[in-house]
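Following: one structure in structure tokens, then a few remarks.
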2 protein chains.
Amino acid sequence: MSAAPERAGLSRSAEDYLKVIYELKAKGVPAHTSTLAAELSVAPPSVSGMIKRLSESGLLEHAPYHGVELTSTGRHAALGVLRRHRVLEAYLTSKLGYSWDTVHEEAERLEHAVSDVLIERMALALNNPRFDPHGAPIPTEAGDMEEPESMPLTEVPVGSVALFSMVGDREPERLRFIESLGLRPGVSFRVVAKQPFRGPVTIRIPGTAGSSDEVIGHELAEGLSCTVVEELDHA
Amino acid sequence: MSAAPERAGLSRSAEDYLKVIYELKAKGVPAHTSTLAAELSVAPPSVSGMIKRLSESGLLEHAPYHGVELTSTGRHAALGVLRRHRVLEAYLTSKLGYSWDTVHEEAERLEHAVSDVLIERMALALNNPRFDPHGAPIPTEAGDMEEPESMPLTEVPVGSVALFSMVGDREPERLRFIESLGLRPGVSFRVVAKQPFRGPVTIRIPGTAGSSDEVIGHELAEGLSCTVVEELDHA
DNA sequence: TTCGAATATTAGGCTACTATAATTTCTAGT
DNA sequence: ACTAGAAATTATAGTAGCCTAATATTCGAA
């Protein structure tokens, strides 16, 4: 009747902290107490407390009054959580009819309860997928992750052709809107215009019957990771 | 980043208590503090404490110094946990290659983390199964459960033909042994002998090439639920 | 270069759950 | 009916996680 998975003594909370710290680092954002507090929806003193426990367990280094760094143990644990989360998202989407805007929440809870055995079986059933439904790379069982070369849509030069590669998975509303524009990971498009002063970006998505132009606000565009396929418009 | 499923404020512990209380009742065993403590592997005072919290939440009635009864709310919650557990067992066994002796442990953890939406999708993918891999009936979404008429193997009269209907799912070793005898839920057999003084029971399982006789110790036989199909030997 | 705002930490409390030790209540056997 | 032993409870304490309020530190701007 044990409530915790077999993974050595990491609470759900601890796993969430490690995961968020890893994700911030991956985005190049320093993991400050206040950032973590905002990201995890807890008060800053709660973060200080957890940081203390996690450093004492050797999962991260803490320079008081200056953020934290994951140790290699901590990074390994974080990648484990990330793998579980992303394999779950892939499995639930492909085998149980979840849509990409609702799957995050379910995975968020299950990632702490599934065993590694189950995750490997799900991965196998999907033929070891390399990306989750939002285009995020899935760490391997060994704990390696290939971060694909990408940049925010706002930085793709006008005229280039790019692939939509990834989007954050946390906001269902945002995901539904992106989908309504015809964007899903893997879709390619050409940037046809970009307004200055944080203005909207216009992209052209080739479709079966002609192509459609979509205008995307700057803030939304910043959150869309793209991989440039064709450097410039050779027209 | 919420750690709990949407189900109203029941902790994993609380769900475990309710489930065990329900299961004891179903077996006709009164839910005394010490019984619960043993079943849940916690100390008796921990049970007293949880009983207090659960009664205050209206999930059970407590007559101090005399066990507990589930209220209808409590029973409904318990049946929910049981449905989640058993649907999970059925799904993991049929879709992800779990064996019936290892699936319990995984379901035990996931039952507290899965949403009802996911459970319904799993159930649908299996065509709404009515029994789990151990032969236990799965409560419906509405919270009804048909307890099939059954009795322990030790009480099936000699000469009768019966169906092996159910076995507890908690002990992998026991399950593997039972399987090695050729017994799985749904298998039929005839009781050919029963020794007195808590002696072994001998059953004959018809097979493709003749039939095999298996001798089963009394204690093991007590844990095997059977449904009598043919009252007596009409030979 | 110092000072004030922003940020982080400590101090102190709360809840849920666990435990052990001490006490109370029940019940069965005489 | 009494009493010993079993069973349940209360008393007390610890851990993890959360909180708010108070304090400490840092850093940028005047």
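Proteins get letters first, then strands, A, B, ... in listed order; numbering begins at 1 in each. Since the structure is predicted, the reported quantities are computational estimates derived from the model, not experimental observations.
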Can you check whether Ser46(A) has a side-chain N or O nearer than 4.0 Å to OP1 or OP2 of dC19(D)?
yes

Under 4.0 Å between a side-chain nitrogen and a carboxylate oxygen: does that hold for Glu219(A) and Arg198(A)?
no

Between dA8(D) atom C1' and His32(B) atom NE2, what is the distance in whole Å?
11 Å

Round to the nearest Å and state the distance from Asp16(B) atom CG to dC17(C) atom P.
11 Å

Met50(A) CE to dA8(C) P: how many Å, rounded?
17 Å

If you only use heavy atoms from C-beta on, which nucleotide in dC19(D), dT9(C), dT27(C) is closest to the side chain of His66(B)?
dT27(C)

Please evaluate residues Asp132(B) and His85(B) with respect to the criterion side-chain hydrogen bond (donor to acceptor under 3.5 Å, both in side chains), reporting the C-alpha separation (whole Å), side-chain torsions for both, the decisive distance (0.1 Å), and the verdict.
CA-CA 9 Å; Asp132(B) 80 6; His85(B) 183 95; 5.7 Å; no

Base, sugar-phosphate or nothing for Pro64(B)? Non-hydrogen atoms, less than 4.0 Å.
sugar-phosphate

Counting only side-chain nitrogens and oxygens, does Thr33(A) get under 4.0 Å of the OP1 or OP2 atom of dT9(C)?
yes

What is the distance, to the nearest angstrom, from the CG atom on Leu40(B) to the P atom on dC17(C)?
12 Å

Distance test, side-chain N/O of Ser11(A) to OP1/OP2 of dA16(D), below 4.0 Å:
no

Taking the nucleotide of DNA chain C with the nearest heavy atom to each, does Arg53(B) or Pro44(B) sit closer to the 5' end?
Arg53(B)

Between atom OH in Tyr17(B) and atom P in dT18(C), what is the gap in whole Å?
4 Å

Heavy atoms only: give me the nearest Ser94(B)-Leu126(B) pair and the separation to one decimal.
OG-CD2, 3.0 Å

Whole angstrom value for the distance that separates P of dT25(D) from OH of Tyr65(A)
5 Å

Using only side-chain N and O atoms of His62(B), determine if any of them is under 4.0 Å from OP1 or OP2 of dT9(D).
yes

Rounded to whole Å, the CD-C1' distance (Glu56(A) to dA16(D)) equals 13 Å

Has Ser13(B) got a side-chain N or O lying under 4.0 Å from the OP1 or OP2 atom of dT18(C)?
yes

Is the ring pair Tyr91(A)/Tyr91(B) parallel, tilted or perpendicular, if the boundaries are 30 and 60 degrees?
perpendicular

Regarding Ser34(B), tell me which of base, sugar-phosphate or nothing describes its non-hydrogen contacts under 4.0 Å with the strands shown.
sugar-phosphate

Could you tell me the separation between the NE2 atom of His112(A) and the C1' atom of dA16(D), rounded to a whole number of Å?
15 Å

What class does the angle between the rings of His134(B) and Trp100(B) fall in, given that below 30° is parallel, 30 to 60° is tilted and above 60° is perpendicular?
parallel

